[in-house]
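Every chain is numbered from 1, with letters handed out A, B, ... down the list of sequences.
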Number of protein chains: 4
Amino acid sequence: MQNSSRTGRPRSAAADAAILEATREALVELGWSKLTLQDVATRAGVAKTTLYRRWAGKNELVVDAVAALFDELELPDRGSLAADIEGVVLQFAAILDRPEAKSGLMAVMTESTRDDALRERIRTSIVARQKRLVLAGRARATARGELPPAADAGEAARTVDLIFDMVAGAVLHRTLVSARPADEEWVRGFTRVLLGGLTAPATRPWPSQKPGGSV
Amino acid sequence: MQNSSRTGRPRSAAADAAILEATREALVELGWSKLTLQDVATRAGVAKTTLYRRWAGKNELVVDAVAALFDELELPDRGSLAADIEGVVLQFAAILDRPEAKSGLMAVMTESTRDDALRERIRTSIVARQKRLVLAGRARATARGELPPAADAGEAARTVDLIFDMVAGAVLHRTLVSARPADEEWVRGFTRVLLGGLTAPATRPWPSQKPGGSV
Amino acid sequence: MQNSSRTGRPRSAAADAAILEATREALVELGWSKLTLQDVATRAGVAKTTLYRRWAGKNELVVDAVAALFDELELPDRGSLAADIEGVVLQFAAILDRPEAKSGLMAVMTESTRDDALRERIRTSIVARQKRLVLAGRARATARGELPPAADAGEAARTVDLIFDMVAGAVLHRTLVSARPADEEWVRGFTRVLLGGLTAPATRPWPSQKPGGSV
Amino acid sequence: MQNSSRTGRPRSAAADAAILEATREALVELGWSKLTLQDVATRAGVAKTTLYRRWAGKNELVVDAVAALFDELELPDRGSLAADIEGVVLQFAAILDRPEAKSGLMAVMTESTRDDALRERIRTSIVARQKRLVLAGRARATARGELPPAADAGEAARTVDLIFDMVAGAVLHRTLVSARPADEEWVRGFTRVLLGGLTAPATRPWPSQKPGGSV
DNA sequence: GGCTAAGCGAGACGGTACGTCAAGTCTTGCA
DNA sequence: TGCAAGACTTGACGTACCGTCTCGCTTAGCC
């Protein structure tokens with residue numbers, strides 16, 4: 001990545017930022033399918049060639065443009081696991097409510113169903129980076145005694161994945177499919193179910209022993 | 001709908017079926033973005049104009065083509081709420097695992113972020129029709145005594161919506177974003193959490209007593 | 001043509017006239033290239049099928065529609081050959097000045113460059129029928145003593161053809177290419193040259209004596 | 001015309017020639033109405049878009065393609081006005097006998113009946129450029145004493161226009177409408193009439209005095 | 001401080017798909 | 001059986017965007 005030859009004119013650093021910003025702007029105004037690279041280039045005051053020199057195409061560009069949106073997610077300590085979850089879910093819902101996130105994220109996810117490289121790029125650029133939130137929340141709750149310590153690493157990883165699927169999936173579905181706001185009331189209900197499920201004694205997920213499948 | 005004029009040559013009924021089938025076939029082979037209406041028309045043995053006479057465009061066509069896939073979802077009585085949920089979630093996951101469902105559903109959902117008519121079409125053609133499963137499962141579980149009767153109609157509707165968002169969302173995310181199989185193990189874990197949350201006494205969603213109702 | 005079987009519903013006679021009139025009307029408004037058979041059918045209050053049952057296509061229809069325009073050409077006796085020619089040339093120019101004649105006639109002539117059947121149809125329907133004017137004018141002038149009698153039939157035919165080419169060609173070119181009016185002044189000048197050439201003693205066309213017959 | 005911006009990739013000069021040549025070739029093989037721009041593009045080894053970037057449509061393209069054909073007309077000194085006229089008329093007839101000239105020229109003339117811009121383009125690209133021949137022939141004949149000097153500029157212009165209409169019109173009509181060859185015999189007859197008319201003493205065109213309309 | 005390699009804006013280029021339109025044929029039901 | 005209505009196949013239209021390419025110009029870094 002850093003091997004770019006030393007000679008020649010260096011790439012304009014400002015261009016990158018302008019392009020990503022222009023991409024988000026175009027996503028808001030036009031949506032994914034009407035967004036054209038020429039339009040993005042014009043908005044950014046840049047030639048189309050410059051764009052292609054840095055990204056392979058529309059998909060890659062939009063992944064990068066959208067990824068930045070999720071970096072602002074934070075997990076301040078709100079005193080309880082329930083409050084922490086509610087807080088981050090609301091933040092997540094707020095981001096997903098922005099048109100550029102909706103259009104852009106869904107579109108690249110769609111394309112990724114036929115493009116493994118793109119899916120990997122999404123997972124590393126967006127999804128994996130946000131798992132930190134789940135991990136941080138879990139650690140904090142464990143320290144508080146709200147959750148038992150993980151029995152082993154495998155179970156911990158599976159639980160994190162499950163939680164991530166449930167949180168992100170429910171908010172995505174609520175916002176994009178049901179097209180209704182993931183507002184405070186909905187988030188509170190969701191959190192109760194999620195947290196209730198995670199802490200219900202008899203139904204703790206994946207007990208190491210699976211005696212009779214009595215579940 | 002029934003107002004089609006009496007005169008003139010009637011539309012070929014066979015063409016509709018052939019077109020929808022060809023659309024699914026093309027989705028499997030090409031995915032959304034590479035699918036062209038000319039290709040669909042050729043596969044269906046039909047002229048492109050016939051396609052445009054019946055659907056406004058790619059989006060509408062794919063919605064209809066994909067909607068049929070979900071009609072095969074059923075909710076056989078497996079004896080317990082947990083087993084019922086696991087069964088239907090697995091069915092849902094199996095459908096979503098098909099390439100035509102993945103590409104097609106995600107794509108029209110993406111477009112629907114900028115097109116209210118399309119979103120409505122999706123909701124009525126696909127989503128609403130499957131809520132019957134949640135309602136049937138709830139009724140059956142209530143009859144079994146596994147769930148308390150709904151306190152009132154509003155709460156019931158909200159709970160149905162929440163469950164639908166959680167179930168469909170989690171499977172979608174697992175399948176499309178995490179790109180890992182929603183297999184039996186995952187489904188079992190998911191069901192435990194969901195069911196635990198729904199039945200956990202202290203965290204029953206939206207308890208009817210809420211003194212200030214300020215939420 | 002007259003062999004239509006006795007059984008079944010007879011063809012509407014009124015339809016033919018309505019269709020031809022509608023064709024001329026459409027030619028005026030739209031010109032050749034924008035004229036559609038569906039539009040003609042609609043104007044005539046007739047179904048497209050009816051049209052195709054009677055004409056093979058646009059070309060044939062327009063030939064028939066335009067041919068009628070030229071039937072109104074007449075050659076009243078104006079007292080002298082020059083006056084007769086001027087009169088008929090002005091009439092011809094007047095017809096060619098109508099949009100339907102311009103567009104229609106030129107277009108079918110264009111098509112006829114690649115379609116021998118169409119060219120023949122034009123020649124018999126339009127051109128040959130108007131040669132009567134040249135013949136009548138020649139006979140009248142010969143009777144008046146303005147022109148010498150034809151030496152033989154071959155020469156007469158050649159002269160008629162030449163005059164027809166010169167008259168029709170000059171008016172066509174003036175009207176369609178030069179796009180300037182073939183008005184009285186122009187017609188007078190043209191007639192002088194034509195008539196002067198035809199009667200000039202030393203340059204009488206095709207003098208019968210031509211020793212070597214090398215032509 | 002010379003304002004083409006300095007930036008950007010310059011247009012391929014070779015493409016223009018290839019396209020015009022391909023257009024003439026396609027005209028020969030297919031005629032006007034069957035000629036498609038895609039076919040021309042393919043023959044020229046060029047994309048359809050390149051065609052549309054340079055010409056507004058079929059009409060404009062064919063005007064340019066056909067115009068070049070007429071540039072080869074010349075007026076070598078053959079010793080007498082009659083011989084000069086015969087020579088150039090034969091040349092003109094030879095060009096018009098080519099299928100691409102027939103189809104192309106007629107077609108654009110047809111379209112020009114409804115399109116003033118196109119007619120103007122034809123007049124400037126084709127017609128006006130060939131009037132040089134009439135002017136040169138007239139000058140040469142005047143120098144030889146075969147024609148009297150023009151009385152005034154207005155009369156000269158009118159005479160040139162008239163001669164052009166007569167020559168071009170007669171050849172056009174002979175070739176395209178009568179569909180018979182404008183061969184040497186026909187040309188000699190035509191030239192005799194034309195020249196006889198132009199030089200006949202009593203019928204010199206447009207004498208300044210118009211006493212009694214006795215013509 | 002000039003050389004040089006790369007970046008850059010502009011825009012032409014070969015492609016591909018779009019959505020529309022007209023030509024000409026075929027299939028209904030009514031008269 | 002003629003006819004109006006209109007669905008059908010076919011194929012060209014003109015447009016838009018893709019991703020590549022060729023220009024001439026700019027700009028930084030190294031010699």
- Item | Backbone N/O of V28(B) and side chain of R114(A): donor-acceptor pair under 3.5 Å | yes

- Verify, without hydrogens or angle tests, whether R121(C) (side chain) and I126(C) (backbone) share a donor-acceptor contact under 3.5 angstrom. no

- Does R11(A) place a side-chain N or O at less than 4.0 Å from the phosphate oxygens OP1/OP2 of dG7(E)? yes

- Item | Contact under 4.0 Å: R54(A) side-chain N or O vs dC8(E) OP1/OP2 | yes

- Query: Going through the checks in order, is the salt bridge (charged side-chain N to carboxylate O under 4.0 Å, His left out) test met by R43(B) and D39(B)?
  - Reply: CA-CA 6 Å; R43(B) 286 170 193 264; D39(B) 183 71; 2.6 Å; yes

Side chain of [X] (C-beta onward), nearest among [options]:
| X | options | value |
| --- | --- | --- |
| R9(A) | dA23(E), dA6(E), dC18(E) | dA6(E) |
| T49(C) | dT28(E), dC21(E), dG6(F) | dG6(F) |
| R53(A) | dG7(E), dA17(E), dA28(F) | dG7(E) |

- Whichever of T50(D) and D39(B) has its nearest DNA chain E nucleotide further upstream toward 5': T50(D)

- Message: Judged by each residue's nearest nucleotide on DNA chain E, which is more toward the 5′ side, K34(C) or A47(D)?
- Response: A47(D)

- Classify the nucleic acid contact of G57(D) as base, sugar-phosphate or nothing, counting any heavy atom under 4.0 Å across all strands shown. nothing

- Note on the structure: Correct closest heavy-atom pair for L118(C) and S112(C) would be CD2-N, 3.8 Å

When the distance from [atom1] of [X] to [atom2] of [N] is rounded to whole Å, what number comes out?
| X | N | atom1 | atom2 | value |
| --- | --- | --- | --- | --- |
| E111(B) | dC18(E) | CD | P | 13 Å |
| Y52(B) | dC8(F) | OH | P | 16 Å |
| N59(A) | dC18(F) | CG | P | 11 Å |
| L51(A) | dT20(F) | CG | P | 12 Å |
| L37(C) | dG24(E) | CG | P | 6 Å |
| K48(C) | dT25(E) | NZ | P | 10 Å |
| I19(B) | dT9(F) | CD1 | C1' | 13 Å |
| Q38(D) | dT15(F) | CD | C1' | 14 Å |

- Note on the structure: Assert: residue with more 5' nearest nucleotide on DNA chain F, out of P10(D) and L35(A), is L35(A)

- Establish, from distance only, whether the side-chain atoms of T124(B) and E120(B) form a donor-acceptor pair under 3.5 Å. no

